[in-house]
Amino acid sequence: MLPLKDRGFNHRNASEITPRHWFEDRRALLMGLAGAAAVGGLAARAGAQPAARLAALPGVRSSVPGALTMDKPTSLSDITHYNNFYEFGTDKSDPAQNAGSLKPRPWAVAIEGEVRKPFTLDLDALMKLAPMEDRIYRHRCVEGWSMVIPWVGFSLAELIKRAEPTGNAKYVQFVTLADPKQMPGLSSPVLDWPYVEGLRMDEAMHPLAMLAFGVYGEVLPNQNGAPVRMVLPWKYGFKSAKTIVRIRFVATQPKTSWNQAAPNEYGFYSNVNPKVDHPRWSQATERRIGDGGLFAKRRPTLLFNGYEPQVGQLYAGMDLKRYF
Ligand code: MTE
């Protein structure tokens with residue numbers, strides 16, 4: 001997705017391992033993960049492991065409509081080794097290799113701007129705001145590939161309720177960590193750091209808009225945005241900011257990193273839409289990582305990534321070509 005000469009759009013061949021026990025894994029998730037032991041077992045069966053075992057993070061089965069896609073989850077190995085996280089380099093394999101220098105604890109998130117009273121929550125307090133839920137979301141990258149990811153977390157709306165935004169709060173901005181000591185990629189001018197993203201308030205309040213703290217029943221690996229990131233399954237992946245340190249409520253549409261870098265290529269909304277092509281490539285189909293390599297049949301991409309029944313109302317009457 002690099003605006004500069006296609007560098008990001010070299011579809012690297014991710015390992016095509018299909019986790020042998022994905023069906024059991026998903027069934028365990030759907031049954032609602034009885035406890036930490038069950039979660040540990042689940043992660044252990046989910047294909048290749050990240051180098052070190054991470055702390056278990058159990059969740060209960062989500063009851064949010066649309067939160068449990070029946071699509072086959074992508075292997076943990078692919079989820080953790082095929083990443084976009086430019087603070088650690090622009091190749092898909094860079095984050096897994098370089099994100100070991102990120103320190104996800106201690107951590108705090110500042111809640112500021114148009115709220116009754118600004119405050120800061122440390123990670124433990126933030127994680128206690130609401131019960132952790134297991135959700136299985138489809139994930140569509142603007143580059144034309146997709147995954148299915150079992151996240152652990154809860155709706156951003158839980159935090160927004162706690163933040164008590166004022167009547168002036170029309171948008172939310174996510175500001176992420178930019179520490180050159182922890183993030184070697186910051187020496188590259190590919191984006192203006194820190195990475196920032198934003199949503200309209202009604203989008204941010206939608207129950208599918210998720211603050212994620214874990215994947216496959218364990219805390220987030222660094223390369224996936226530890227210790228806390230957004231997940232917006234109906235939008236292209238770049239809207240889902242990783243390593244969040246500030247959540248700012250604002251009156252006007254906030255700056256977003258990719259829109260600043262290439263406004264004709266990346267709009268503010270960035271809803272998945274097969275009918276609105278990226279200027280340099282079609283968005284009509286996608287390659288599901290793990291589906292059998294570059295020769296596997298591409299799948300049709302669905303409006304709002306298939307979440308139209310849940311989120312379509314947010315955009316009723318909007319010209320989606322203009323507000324791309
Ligand atoms: N957040 C930060 N801070 N920096 C980034 O480079 N990349 C985005 C998004 N969030 C990115 C980020 C993009 S382009 C995608 S596709 C997703 O993270 C990838 O998330 P994943 O690696 O967990 O699949």
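Read the numbers this way: they start at 1 and go in the same order the structure lists the ligands and their atoms. In this text, all values refer to a predicted model and were calculated from it rather than measured experimentally.
- For Tyr266 and Trp258, the distance between ring centers is under 6.0 angstrom.
- When hydrogens are left out, the protein atom nearest atom 17 (C) of ligand 1 is Gly237 O, 3.5 Å; that is the closest non-hydrogen contact.
- Distances shorter than 4.0 angstrom occur between a heavy atom of Ser240 and an atom of ligand 1.
- Salt bridge Glu112/Arg246: present, at least one basic N to carboxylate O contact under 4.0 Å.
- For the side-chain hydrogen bond (donor to acceptor under 3.5 Å, both in side chains) test with Asp291, the passing option among Arg298, Lys72, Lys297, Arg299 is Arg299; the others fail.
- Of the protein's non-hydrogen atoms, Glu87 OE1, 2.8 Å is the one closest to atom 4 (N) of ligand 1.
- Short contacts between ligand 1 and Tyr86, defined as distances under 4.0 Å to a heavy atom of the residue, involve ligand atoms 5 (C), 6 (O).
- Centroid-to-centroid, the aromatic rings of Phe85 and Phe88 come within less than 6.0 Å.
- Glu143 does not count as a contact of ligand 1, since none of its heavy atoms falls under 4.0 Å from the ligand.
- Residue Phe304 is tested with Tyr269, Tyr315, Trp234 for a ring pair (Phe, Tyr, Trp, His ring centres under 6.0 Å); the sole match is Tyr315.
- At a 4.0 Å heavy-atom cut-off, ligand 1 touches Thr176 through the side chain alone.
- Between Asn224 and ligand 1, at least one N/O pair is under 3.5 Å apart.
- Nearest protein heavy-atom contact of atom 16 (S) of ligand 1 is Asn84 ND2, 3.6 Å.
- The shortest N/O to N/O separation between Trp258 and ligand 1 does not fall below 3.5 Å.
- Outside the 6.0 Å centre-distance limit, the rings of Tyr195 and Phe238 are not counted as a close aromatic pair.
- The protein heavy atom nearest to atom 24 (O) of ligand 1 is His139 NE2, 3.2 Å.
- Of the heavy atoms in Tyr195, only side-chain atoms (C-beta onward) come closer than 4.0 Å to ligand 1.
- Regarding atom 21 (P) of ligand 1, its nearest protein heavy-atom neighbour is Lys242 NZ, 3.4 Å.
- More than 12 heavy atoms of other residues, nucleotides or ligands sit less than 6.0 Å from atom CG of Asp122.
- Atom 23 (O) of ligand 1 has as its closest protein heavy atom Arg229 NH1, 2.6 Å.
- With sequence neighbours left out, the side chain to side chain donor-acceptor pair (under 3.5 Å) criterion links Arg162 to no other residue.
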